[in-house]
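Chain A is the first sequence line, chain B the second, and so forth, proteins listed ahead of strands; every chain is numbered from 1. In this text, all values refer to a predicted model and were calculated from it rather than measured experimentally.
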Amino acid sequence: MPELPEVEVIRRGLAPLICHKEFGRPVLLYTGAVRHPAPEKFCQNLAGRRVENLGRAGKYLRLGLDRGELAVHLRMTGRLVYRENADFPDPHLRAVLPFTGGAALFFSDMRKFGGLWLLENREERRQAGLDRLGPDIYEEVGPERFCALIRERRRSRLKPLLLDQHFVAGLGNIYVDESLFRAGIHPGRAAGSLSREEILALYWAVRAVLQEGIDCGGTSARDYRDAFGERGAFQDRLAVYGRRGRPCPRCGAPVTRAVVAGRGTYLCARCQKLEIGSKK
DNA sequence: GCTTACCTGTCG
DNA sequence: CGACAGGTAAGC
């Protein structure tokens, strides 16, 4: 999916366009895109709601409304684009969320994994799982908290741990691989095997990678588009992700692809050692 | 933990 | 045709 930087770029793009605007009645082309409440009630209840603010929690975009909030998760292939008009036929268009006055948010999603939640109270947020997210890695985790969090989970391997949205929220496959590469840490290392220096190196690598991702307008490896339908540029700066066989930018050895935690994982086996001081 | 499932598409 | 794709929940 869009990971934290992509969702943040969308949030920043949309905020000045939709704050204070009022929704009309949504049009659903795929009712499964609405996760809560039932589609009919969703359309009925969103109509007439006004957007008051735009937030983000991990990979969720949260549109604060005059009553409740609209939460959006793009999962793997979701897009949320603001347009005055639907421009060309889009076979993956799943929902149109119009504003009174003409423009609309167009929610597209090839794989149908993404979803929309209209949440009006704490109980509904709880059911949707929004309050089960860990702290937002970009907004809510400083270096000392990161050290403390890592030390609570000594037995976990780093890659699945960093991908676990209940541990910290926002990281996905691309930015985890890039962060571990920059920190020189193997994705299969146990959290408890890291020195304090390594944990801090990882923390600052994560911060730098996320910030550069945001500054580049996100990573359009494939499907990602921003709030204006434009591609990001960070895919051109990736050091290892998706670059099997190409030279490591640090040492020149070919980038390796492995499977860790069931996910395709890119790393430099020379720069990122599994055992400290070992040759392999 | 790992595997499977959810979907549709691209690439080799 | 199989492998793989930015995510995550559910079931061993």
> Taking the minimum atom-to-atom distance to the side chain of A:R157, which one of B:dC2, B:dG9, C:dA5 wins?
B:dC2
> For atom CZ of A:R25, is the number of surrounding heavy atoms from other residues, nucleotides or ligands below 6.0 Å larger than 12?
yes
> I'd like to check, for A:F113, whether its ring lies over the base of B:dC6 with centroids under 5.5 Å apart and a plane angle smaller than 30°.
yes
> Tell me whether the side-chain N/O atoms of A:H73 come closer than 4.0 Å to OP1 or OP2 in C:dG7.
no
> Compare side-chain N and O positions of A:Q165 against OP1 and OP2 of C:dG7 and report whether any pair is under 4.0 Å apart.
no
> Using distance alone, with no hydrogens and no angle criterion, decide if A:H36 and A:E124 have a side-chain donor and acceptor under 3.5 Å apart.
yes
> Write down the partner of B:dC2 under the Watson-Crick or G-U wobble criteria, each distance required to be under 3.5 Å.
C:dG11
> Considering heavy-atom distances to DNA chain B, does A:R222 or A:P160 have its closest nucleotide positioned more toward the 5' end?
A:P160
> Name the closest nucleotide to the A:R263 side chain, picking from B:dG9, C:dT8, B:dC7.
C:dT8
> Say you draw a straight line from OH of A:Y175 to CG of A:L238; how long is it, rounded to the nearest 0.5 Å?
7.5 Å
> Give A:S156 one of three labels, base, sugar-phosphate or nothing, depending on what nucleic acid heavy atoms sit under 4.0 Å from its own.
sugar-phosphate
> What does A:G262 touch in the nucleic acid at a heavy-atom separation under 4.0 angstrom: a base, only the sugar-phosphate, or nothing?
nothing
> Does C:dG7 have OP1 or OP2 sitting under 4.0 Å from an N or O in the side chain of A:K59?
yes
> Taking atom P of C:dT8 as reference, at what distance in whole Å does atom CD of A:E3 sit?
9 Å
> Would you indicate, yes or no, if C:dA5 has its OP1 or OP2 atom less than 4.0 angstrom from a side-chain nitrogen or oxygen of A:R257?
yes
> Closest heavy-atom contact between A:L149 and A:P135?
CD1-CG, 4.2 Å
> A:S179 side chain to A:D177 main-chain N or O, any donor-acceptor pair under 3.5 Å?
no
> Does A:H166 put a side-chain nitrogen or oxygen below 4.0 Å from OP1 or OP2 of C:dA9?
yes
> Between C:dG11 and B:dC7, how many Å separate the two P atoms, rounded to a whole number?
16 Å
> Taking only side-chain N and O atoms of A:Y266, does any of them lie within less than 4.0 angstrom of OP1 or OP2 on C:dA5?
yes
